Amino acid sequence: MPELPEVETVRDGLDRLVTGAVVRDVEVFRDYSVRRHDGGPAGFVDQLRGRRLAGAARRGKYLWLPLTDVAPTGQTVPAAALLAHLGMSGQLLVRDPAVAGEWEHPHLRARIHLDGAPSGARYLDFVDQRTFGHLSVTDLAPTPDGAPGGRGSPLPAVPEPVAHIGRDLLDPALDRPALVERVRRRRTGIKRALLDQAVVSGVGNIYADEALWRARVHYARATDRMTRPVVGRVLDAATEVMTEALGQGGTSFDDLYVDVNGESGYFSRSLAVYGRLGEPCRRCATPVRRDEFMNRSSFTCPVCQPRPRNGRW
DNA sequence: GTTTATTCCTGAGCGC
DNA sequence: TGCGCTCAGGAATAAA
């Protein structure tokens, strides 16, 4: 599942391999994949064709490629961007058919034809089995704090659909003390707060479970009854686990997450609790437990992370 | 205004 | 072999 480390791995690949390329043409094979675009598939194609990909930026799990005009009379400062969210299974693959052949992935949803990519690649393919991911072209909106919009973004701007998303834990412009207070003002459980992208972005189910295990905190702990040091410990753990995962190219369980070259990451070998039902806790050997939570799973060590008596679901 | 439940979607994996 | 069922889950949206 692409969370922050996986999306950052993809962003880095796009930055290196397609920055400067011009969009020659666009094919949309499944309209649902551009459902968030105002103007439908035809408008999506129209707004991309002939424009230059000026870089690759990211905040949380959102990824965008700022767009500039190619004509000498055109704008050189990006006012719009190609925005992507990978959902559960989205992939952005940079491909050169001259090297890899004309093979098409069975879940290819859209193809962006490129001219002049630094890597020589011809295609930027959007592949998405479970179709929760999406692409759109949107305007850029200025950031309220005047700081860069996110990783890889020199401009103090983000795509409009990203404006309500909080900065992520790896963002140098994140106001950490303010984040601690934001968490403590919530009247909910700590895992819900971690997963709320408006509070802090980039954390999904896997890294939330891993961070809580590292911090020895149960997911139902009430945020408004947690001390600043304990909230800080959870945020530190989340930062730490995502930084480590990034160093290993992200977490892959199967071929649903790969980088821009189709390669898997290795962090799944380092997971302490996620997906390890019944297996021994890496600290105390107690079998890992699985609870149903928010229509998904939560994995905890029952000893290291005791359930609070008066927690919040 | 804040918090929570529902909904979207596909295909792998499993039991019968 | 093949059918039907369950499960995975990010985040917009509706509902409480």
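Numbers restart at 1 for each chain; the letters A, B, ... are given by sequence-line order, proteins then strands. Keep in mind that this is a model prediction, so the values were computed, not measured.
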Checklist line | d(CG, A:L195; P, B:dT4) in whole Å | finding: 12 Å
Notebook entry, point to check: Cation-pi between A:R283 and A:W213: NZ/CZ under 6.0 Å from ring centre and within 45° of the ring axis?
Noted result: yes
Item checked: Short side-chain N/O contact from A:S89 to OP1 or OP2 of C:dA8, under 4.0 Å -> no
Next item on the list: Would you mind checking if A:R176 and A:D236 are paired as a salt bridge, meaning a charged N to carboxylate O distance below 4.0 Å?
Entry: yes
Next item on the list: Examine C:dC7: is either OP1 or OP2 under 4.0 Å from a nitrogen or oxygen in the side chain of A:S297? Give yes or no.
Entry: no
Checklist line | Nucleotide C:dA8, atom P - distance to CG of A:D291 in whole Å | finding: 12 Å
Notebook entry, point to check: Are A:R186 and B:dT2 close enough that a side-chain N or O sits under 4.0 Å from OP1 or OP2?
Noted result: no
Next item on the list: Remember a base hit wins even if backbone is also touched, and classify A:R182 as base, sugar-phosphate or nothing at under 4.0 Å, heavy atoms.
Entry: nothing
Notebook entry, point to check: For the pair made of CD in A:E6 and P in C:dG10, what is the distance, rounded to whole Å?
Noted result: 11 Å
Check: Could A:R109 and A:F126 be counted as a cation-pi pair, given that NZ or CZ must be under 6.0 Å from the ring centre and within 45° of the axis?
Finding: no
Check: For A:R192 and B:dA5, is the shortest distance between a side-chain N/O and OP1 or OP2 below 4.0 Å?
Finding: yes
Next item on the list: Could you tell me whether A:R187 contacts a base, only the sugar-phosphate backbone, or nothing, with contacts defined as non-hydrogen atoms closer than 4.0 Å?
Entry: sugar-phosphate
Margin query: From CG of A:L83 over to C1' of C:dA11, roughly how many Å is that when rounded to an integer?
Written below: 13 Å
Item checked: A:L86 CG - C:dA11 C1' separation (whole Å) -> 14 Å
Checklist line | Heavy atoms from other residues, nucleotides or ligands near CZ of A:R187 exceed 12 (cutoff 6.0 Å) | finding: no
Note to self: Need one value for A:H164: base, sugar-phosphate or nothing, where a base atom within 4.0 Å counts as base even if backbone is also close, heavy atoms only.
What the structure shows: sugar-phosphate
Next item on the list: Take atom NZ of A:K191 and atom P of B:dT4, then tell me their distance rounded to the nearest Å.
Entry: 14 Å
Next item on the list: Please lay out, stage by stage, how A:R16 and A:D12 fare under the test salt bridge (Lys or Arg N to Asp or Glu O under 4.0 Å).
Entry: CA-CA 6 Å; A:R16 288 183 287 107; A:D12 178 65; 3.2 Å; yes
Checklist line | Rounded (10°) bend between the five-pair end axes of the helix from B:dT2-C:dA16 to B:dC16-C:dG2 | finding: 50°
Margin query: Measure CZ/A:R290 against P/C:dT6 and give the value in whole Å, please.
Written below: 14 Å
Note to self: So, does A:R185 get its side chain near the phosphate of B:dG1, meaning an N or O under 4.0 Å from OP1 or OP2?
What the structure shows: no
Next item on the list: On the 0 to 90° scale, with breaks at 30° and 60°, tag the A:H134-A:H85 ring pair as parallel, tilted or perpendicular.
Entry: parallel
Next item on the list: Answer yes or no on whether A:R30 is positioned over the face of A:Y32, meaning its NZ or CZ is under 6.0 Å from the six-membered ring centre and within 45° of the axis.
Entry: no
Next item on the list: Establish, for the pair A:R36 and A:F44, whether the NZ or CZ atom is under 6.0 angstrom from the six-membered ring centre and no further than 45 degrees off its axis.
Entry: no
Next item on the list: Encode nucleotides 6-15 of chain B as B, S and - characters from 5' to 3', where the letter depends on protein heavy atoms closer than 4.0 Å: B to the base, S only to sugar-phosphate, - to neither.
Entry: B-BBBS----
Margin query: I need the CG-P distance between A:D196 and C:dA12, as an integer number of Å.
Written below: 10 Å
Check: When we call it a touch if two heavy atoms are under 4.0 Å apart, what does A:Y62 touch: a base, just sugar-phosphate, or nothing?
Finding: sugar-phosphate
Notebook entry, point to check: Would you call A:R49-A:D25 a salt bridge at under 4.0 Å N-O?
Noted result: yes
Check: Do the charged groups of A:D175 and A:R182 touch, with an N to O distance under 4.0 Å?
Finding: no
